[in-house]
Protein chains: 2
Amino acid sequence: MNIKDVQYFVKLTELKSYSDTAHFFSVSQPTITYAIKRMESEFDAELIIRKSYANSITLTPAGQQFLIHARKILRENNLIKKDLTRIKNDKLKMGFPPIISDYLIPQVFDQFKDRGLLSRIKPVRSGSKELLQQLYDGKIDISLLGTTSFPKAANFDFKIIKTHHFKIIASDQRKFNQPMSINELKNEDFLILDSSSVHQLIINGLIERYNVFTNVIYQTGDYKLLLDLVRQNKGISFIAETALQGEDGIQELEISDVDFPPFYLMLVYRASTRKGPVLQKVIDIFDSLGDETGD
Amino acid sequence: MNIKDVQYFVKLTELKSYSDTAHFFSVSQPTITYAIKRMESEFDAELIIRKSYANSITLTPAGQQFLIHARKILRENNLIKKDLTRIKNDKLKMGFPPIISDYLIPQVFDQFKDRGLLSRIKPVRSGSKELLQQLYDGKIDISLLGTTSFPKAANFDFKIIKTHHFKIIASDQRKFNQPMSINELKNEDFLILDSSSVHQLIINGLIERYNVFTNVIYQTGDYKLLLDLVRQNKGISFIAETALQGEDGIQELEISDVDFPPFYLMLVYRASTRKGPVLQKVIDIFDSLGDETGD
DNA sequence: TACAATTAATAAAAATAATTTATAGGTGAA
DNA sequence: TTCACCTATAAATTATTTTTATTAATTGTA
């Protein structure tokens with residue numbers, strides 16, 4: 001079996017047209033027909049139910065099963081390209097989510113510099129959710145991440161660097177009786193981080209369970225801006241304590257009746273990534289920082 | 001890239017000889033040389049460091065990384081064959097470990113019969129460890145399993161059917177002061193299940209931590225035989241309560257100072273297995289039996 | 001209902017790719 | 001230094017894939 005045929009097949013299931021698929025790969029239409037036939041005869045199973053009209057292609061059960069494995073094969077093939085390029089250039093593409101980076105980078109910068117890693121790492125800044133996807137796709141090789149649960153896919157190895165907690169925060173100008181109930185916050189204006197961060201997911205959970213934080217008046221991906229707005233008493237907010245280091249003018253509210261999930265600061269990489277010297281150094285540096293370990 | 005080339009590569013890393021690899025696949029030696037060269041030029045990376053003498057082949061870092069992905073590609077390729085054969089024959093190869101099967105099968109037999117599954121399932125009897133490997137390799141499609149921890153590889157979906165506990169057992173003829181300390185068993189003769197079962201692992205842990213059960217006088221894969229020997233007071237043993245249903249002449253000893261891990265009875269299958277009617281029915285039947293769920 | 005437009009399948013030819021045969025060149029051990 | 005054994009290369013052969021050209025099937029529409 002040829003990887004190219006697998007690519008033809010997967011694209012065909014997406015476009016549902018032999019002609020369009022052929023056009024997509026700049027080959028003639030019979031090329032696709034023969035490619036599918038080749039695989040059907042190799043595995044002695046009909047994969048596709050054909051009809052001679054537009055978008056009529058459906059998969060047989062065997063075809064559906066084949067598609068599952070085909071996607072995995074293409075992912076590995078793609079990771080080969082990405083991984084070998086990384087090894088050739090000896091450069092690691094590393095993800096840095098804003099909150100976690102601002103907190104951790106000062107703690108490791110000198111070590112990165114002393115071990116000659118600064119020129120070996122190409123940073124990619126984005127939200128944790130987006131970075132996890134990029135890691136899966138091979139677009140980056142390793143990433144810092146802030147999450148409330150461990151990566152499930154288990155294609156990932158991870159190391160917990162620190163366990164932090166979520167806080168509800170308000171301006172210092174406000175006075176509250178504490179500890180307080182979450183219900184006393186029902187009518188507060190609320191500022192939140194946008195969907196690039198994991199915060200939004202937690203908030204949605206809180207909204208559903210406690211019917212609070214319904215007055216969301218502003219949403220942003222910039223947590224520094226968020227903190228500024230809270231400081232200026234434009235509303236209250238919800239954020240990991242990671243973001244609150246050395247920030248003044250802001251108070252954390254003690255809520256007696258709600259437990260938030262933990263917020264893990266972790267280092268994640270694909271388990272299939274060979275640990276070369278650069279990757280190993282990065283892992284070691286964050287390892288020496290961490291207090292817990294996962295796998 | 002051709003799957004055949006990947007097979008050549010992986011075998012070459014195992015045999016460390018172009019000639020032997022060629023011989024293994026019944027092709028000429030230059031076929032292997034050219035196959036490797038093809039992939040090296042496709043990914044623009046040297047994979048193998050060649051020398052002109054025996055077993056001298058070593059992998060470059062790129063080659064090591066390539067090998068990791070190559071193995072995964074071959075596994076998927078192999079699973080395609082196995083899965084499509086299963087779909088064609090409409091028969092599920094299912095693993096049944098002895099202890100768990102004896103306990104669960106009576107509870108589901110009628111449902112299996114009523115839903116017409118008996119002729120659709122080809123049973124494979126073996127120990128849990130062996131069955132998990134067979135499941136990974138695609139030799140079976142689904143399996144009952146008795147384990148103390150969840151399958152890590154996450155290529156697996158699993159459903160907990162029941163959580164049981166391990167017991168230390170002795171013949172009814174013996175008298176013990178209970179609850180008792182594990183140390184009082186130091187000099188007892190001990191009968192154990194062999195390495196096909198998960199029991200041996202737990203026992204090894206106990207031996208290390210508590211320095212007990214050092215007098216292992218007999219070891220067997222047949223738990224019914226084990227129970228018979230305990231009943232006849234040939235020694236004490238350690239076994240999941242699953243095996244003790246309706247067995248008389250045997251007492252469970254209450255140990256006050258040791259906690260054993262839980263023993264999960266679970267149904268496991270590859271996450272990549274498409275859920276056809278037969279598989280879905282099997283899952284449903286055990287689902288209706290279970291009390292907890294995992295994923 | 002017939003016709004135009006579109007789609008996939010097939011046959012044969014052409015192009016490309018993989019394999020073999022034959023041979024050369026390198027390496028360690030005797 | 002020679003022998004035995006290994007991998008690389010060149011050229012020829014064989015096998016596979018793709019294309020071109022055409023046919024058959026199907027739908028929407030006049």
Report task. Test for a donor-acceptor pair under 3.5 Å between the base of C:dA17 and the side chain of B:Tyr34, counting only N and O atoms. Result -> no
Report yes if at least one side-chain N or O of [X] is closer than 4.0 Å to OP1 or OP2 of [N]; otherwise report no.
X	N	value
B:Tyr8	C:dT19	yes
A:Lys37	D:dT17	no
B:Arg50	D:dC6	no
A:Arg38	D:dT18	yes
B:Lys16	D:dC6	no
A:Ser17	C:dT7	no

Report task. Select from A:Thr33 and B:Pro30 the residue whose nearest nucleotide in DNA chain C is closer to the 5' end of that strand. Result -> A:Thr33
Report summary line: Closest to the 5' end of DNA chain C, once B:Thr31 and A:Lys4 are matched to their nearest nucleotides, is A:Lys4
**Report entry** Nearest-angstrom distance from the residue atom CD1 of B:Ile49 to C1' of C:dT27
**Finding:** 16 Å
Query raised in the report: Taking the side chain of A:Ser28 as heavy atoms from C-beta outward, which of C:dT20, C:dA9, D:dT19 is closest to it?
Result: D:dT19
Query raised in the report: Under 4.5 Å between any side-chain heavy atoms of A:Leu132 and A:Thr147, yes or no?
Result: no
Query raised in the report: Heavy-atom distance under 4.5 Å between the side chains of B:Tyr18 and B:Leu12, does that happen here?
Result: yes
Requested in this report: Salt-bridge test for B:Asp137 and B:Arg75: reply yes if a basic N is under 4.0 Å from a carboxylate O, no otherwise.
Outcome: no
